[in-house]
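Numbers for residues simply follow the sequence, beginning at 1.
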Amino acid sequence: MTDKLEAIYVRQSKDKKDSLSIEGQIERCRLECSHPDTVLVYEDRGFSGKNTIRPGFQKMQQDVKEGKISKIIVYRLDRLSRSILDFGQFWDTLDQHQVDFVSVNEKFDTSTPMGRAMIYIIMVFAQLERETIAERVTDNYYTRIKRGNWPGGPAPYGMKNIKIKDEEGRDVPSLAYTEEFEIVKEIFCRYATEDVSLGEIGRDLTKRQIPCRKRKAGWDNVALARILHSPVYVQADEDIYLYYKSRNIGKISNSIEEFNGNSSAQVVGKRAGNVRKYTSMQDQVLSLTNFEGKIPSEIWLRCQYRLEKNRQIGNSGKGKNTWLSGLLKCGNCGYSLTVRKWHDKKYLYCSGRANLHICDKQSFSQQVDEVEAEVQKELEKILKECNKEQIPVENTEKEQKIRKQLQEIEDKIQKLLGCMQEASDISMKYINNELENLDKRKSELLKLYETPREDRKKYYKGIHFAELDLEEKKTTAQAFIEKINVYDEEIEIFWKI
């Protein structure tokens, strides 16, 4: 590898009598160089210091990352950047690649204790600016919500993004109804007034070849529940205010008098990654919108009560019917299998058929107990080969942590995708960069989580599978098995080892 070189960076937006020229800056900087004849020079003529989108600066930053530079010298700090935040981000790059920084005019040299102390002070202000910007963006976001503006992102099903004039004559984001809203109205009315399930409504819509946004295979319970939960369609009156009040929502931006049915409502706010938006609402904010609602509050509320009843029934005993939860897949369509208990016997059902209506597999001749017995027999063969006696706590905790990180990354990706529609050119560049970094991190975590590891066996010697409880069996099965395809008469086990 070639030796690192010192570098000079110079910039001048315009030639002015009271400013030092590019050539003058280079001459002054060379006096600080140990080897003036071999120094690298990067210059930006006619570029402002308000941001770092400059060809010379970008080339210098790339050379820093490639390990070509040992020290950067500038005539003055503002030649590099006029933004503390931009300088703070650039310094992170320099610090990571062990590159010193010298400013001639300010007598600033990070190779000295005083220079490093100055950097720490600048970084404190850079962090303060980051937090101030974040706080200002958040405040602006909730101010727009309180005014009734659509916060951004794709429009809900049956609506489209538009701009309208506010009271001050400014263009603000809003929503307008489309022809698809007739389907939305049908979903609400049928679920509120007919004795039909979400699955029955979904199958009917799919059979009629009505397209479901984001679900090419057809309508499932998740897509329908998302529509039914959303308050953007409802005529927000006092009953809607009282409903959310009873749900202990964190904040309501408008008074009860303003809930007169003339507009709809929206719920926004932070929530934990494993908490659904309409399950826990303590950190959510309810605000009226700047567009009308079309679903009567009585119809909308009937749907909410049915959905809440279904959730209470559906979540009971989740994952408790078999230690193979999450591993069983339909051999016909590849979608997950669910387990239902009937008269002390457990049966397998395909979610591809029940939710997505894309599988024609009605039932499986094998019962869950039979599949468990066959998998257990194969697992016990592997456990006999394990060569070190140690309980698998450390290994499984690591995998759980990776799964949590993957979920957090996926949530961030979805939020960024939702921001793209309202993004400016500058913020779009930031969003694309963040998406690229998140996708890279996701790939790294998936590799850690999914790569087969022979040393997995060493954690399991001395374990007698039949003596484990349900959760211990589940942990052991997930440590060794990628998935299990279930066919009518046989199963196919895909191992991680």
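- Rounded to the nearest 0.5 angstrom, H35 NE2 and D37 CG are separated by 10.0 Å.
- Between F90 and F101, the distance separating the two ring centers is not shorter than 6.0 angstrom.
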Checklist entry - Which is it for L175 and K160 under the side-chain contact (heavy atoms from CB on, under 4.5 Å) test, yes or no, and what are the steps along the way? => result CA-CA 5 Å; L175 296 177; K160 64 180 180 180; over 6 Å; no
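- To the nearest 0.5 Å, the span separating OG1 on T110 from CG on D95 amounts to 8.5 Å.
- From I210, atom CD1 reaches atom CG of L205 across 5.0 Å, with rounding to the nearest 0.5 Å.
- In this structure, V184 and Y177 have side chains that are not in contact, with every pair of non-hydrogen atoms separated by 4.5 Å or more.
- For the pair F47 and F57, the minimum side-chain heavy-atom distance is 4.5 Å or more.
- Formation of a donor-acceptor pair under 3.5 Å by the Q98 side chain with backbone atoms of L94 is not found in this model.
- L286 approaches A265 most closely through the heavy-atom pair CD1-CB, 3.7 Å.
- In this structure, the separation between CD1 on I69 and CD1 on I8 is 11.5 Å, given to the nearest 0.5 Å.
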Next on the checklist: Determine whether V172 and K163 satisfy the following criterion, side-chain contact (heavy atoms from CB on, under 4.5 Å), listing intermediate values before the conclusion.
Outcome noted: CA-CA 5 Å; V172 295; K163 294 281 188 179; over 6 Å; no
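- With respect to D166 and R147, no salt bridge is recorded, no charged nitrogen being found less than 4.0 Å from a carboxylate O.
- Checked against Y9 for a side chain to side chain donor-acceptor pair (under 3.5 Å), the options K59, E43, R54 give a single hit: R54.
- In terms of heavy-atom proximity, S230 sits nearest to V232 at OG-CG2, 3.0 Å.
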Next on the checklist: Determine whether I484 and E492 satisfy the following criterion, side-chain contact (heavy atoms from CB on, under 4.5 Å), listing intermediate values before the conclusion.
Outcome noted: CA-CA 6 Å; I484 303 168; E492 183 180 10; over 6 Å; no
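- Scanning all heavy atoms of the two residues, the minimum distance from K294 to Q235 falls at O-NE2, 3.7 Å.
- Within 6.0 Å of CD on E292 lie more than 12 heavy atoms contributed by other residues, nucleotides or ligands.
- A cation-pi arrangement is absent between R247 and Y244 under the rule of less than 6.0 angstrom and at most 45 degrees off the ring axis.
- For the pair K483 and L327, the minimum side-chain heavy-atom distance is 4.5 Å or more.
- For the pair Q304/L307, a side-chain contact is recorded, criterion being any heavy-atom separation below 4.5 Å from C-beta on.
- The aromatic rings of Y241 and F259 stand perpendicular to each other, their planes meeting at an angle above 60°, with 30° marking the opposite boundary.
- The only option from W219, F181, F188 that meets the ring-ring contact (aromatic ring centres under 6.0 Å, His included) definition with Y157 turns out to be W219.
- Inspection of the Q58 and Q62 side chains reveals no N or O donor paired with an N or O acceptor under 3.5 Å.
- Nearest approach of N161 to P154, heavy atoms of both residues: OD1-C, 4.0 Å.
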Next on the checklist: Between V10 and R79, does the side-chain contact (heavy atoms from CB on, under 4.5 Å) criterion hold? Intermediate values first, please.
Outcome noted: CA-CA 6 Å; V10 291; R79 299 302 86 195; over 6 Å; no
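- A distance of 8.0 Å separates CZ in R11 from CG in D44, rounded to the nearest 0.5 Å.
- Between the side chains of S48 and S13, no donor-acceptor pair of N or O atoms lies under 3.5 Å.
- Ion pairing between E27 and R30 fails under the 4.0 Å rule for side-chain N and carboxylate O.
- When every heavy atom of Y42 is checked against every heavy atom of A7, the shortest pair comes out as CE1-CB, 3.7 Å.
- The side-chain heavy atoms of D237 and N260, taken from C-beta on, include no pair separated by under 4.5 Å.
- Residues V104 and E32 share a closest heavy-atom pair of CG2-CG, 3.6 Å.
- Proximity of L337 to K329: side-chain heavy atoms (C-beta onward) are nowhere separated by under 4.5 Å.
- Checked by atom type, the side-chain pair T93/Q96 shows no donor-acceptor distance below 3.5 Å.
- With rounding to the nearest 0.5 Å, the separation of CG in L288 from CG in N254 is 4.0 Å.
- Looking at S287 and V268, their side chains never come closer than 4.5 Å, going by heavy atoms from C-beta outward.
- For the pair W300/P231, a side-chain contact is recorded, criterion being any heavy-atom separation below 4.5 Å from C-beta on.
- Under a 4.0 Å N-O distance rule, the pair K68/E6 does not qualify as a salt bridge.
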Checklist entry - Given S264 and T289, is the side chain to side chain donor-acceptor pair (under 3.5 Å) satisfied, shown in steps? => result CA-CA 6 Å; S264 67; T289 66; 2.7 Å; yes
